[in-house]
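Step one of this worksheet: look at the structure below.
The basis for the numbers below is simple: all heavy atoms, side chains too, and nothing from hydrogens, waters or symmetry mates.
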Amino acid sequence: MEILRSQDFGLRHLRYFIAVTENKNYSISEVAEELHMAEPNLSQQLKDLETKLTVKLFERQKAHIKPHCVTSVAR
């Protein structure tokens, strides 16, 4: 896959994605705290992943996000 060969695409994006989907509350703030990073940075990394994959992975709500139907099937 060309996307996986891109210099801009890293395993950290996948690590962030997995961390959010494994969080029972799908809380960006909880996951950001666990990963020792700022909330806006985590959110941006997830948006970058969606852009690179050209697929919507999450439904965004105020303080939480939840997996889009594509990711809920994968769980």
Report task. Mark yes when over 12 heavy atoms from residues, nucleotides or ligands other than Glu34 sit less than 6.0 Å from its CD; otherwise mark no. Result -> yes
**Report entry** Spatial distance of atom CG (Leu57) from atom CG (Leu49) [nearest 0.5 Å]
**Finding:** 5.5 Å
Query - Contact summary for Leu35 and Tyr16, nearest pair of heavy atoms - result: CD1-CD2, 3.5 Å
Requested in this report: For residues Val20 and Leu42, report the shortest heavy-atom separation together with the two atoms involved.
Outcome: CG2-CD2, 4.5 Å
Query raised in the report: Going by an N to O cut-off under 4.0 Å, is there a salt bridge joining Glu30 and Lys24?
Result: no
Report summary line: In this structure, CZ of Phe17 is separated from CG of Leu11 (nearest 0.5 Å) by 14.0 Å
Query raised in the report: Are the side chain of Gln45 and the backbone of His13 linked by a donor-acceptor contact shorter than 3.5 Å?
Result: no
Query - Backbone of Asn25 reached by a side-chain donor or acceptor of Asn23 within 3.5 Å - result: yes
Query raised in the report: Does Ile18 offer a backbone N or O that forms a donor-acceptor pair with the side chain of Thr21 under 3.5 Å?
Result: yes
**Report entry** Any Lys47 side-chain heavy atom under 4.5 Å of Arg60 side chain
**Finding:** yes
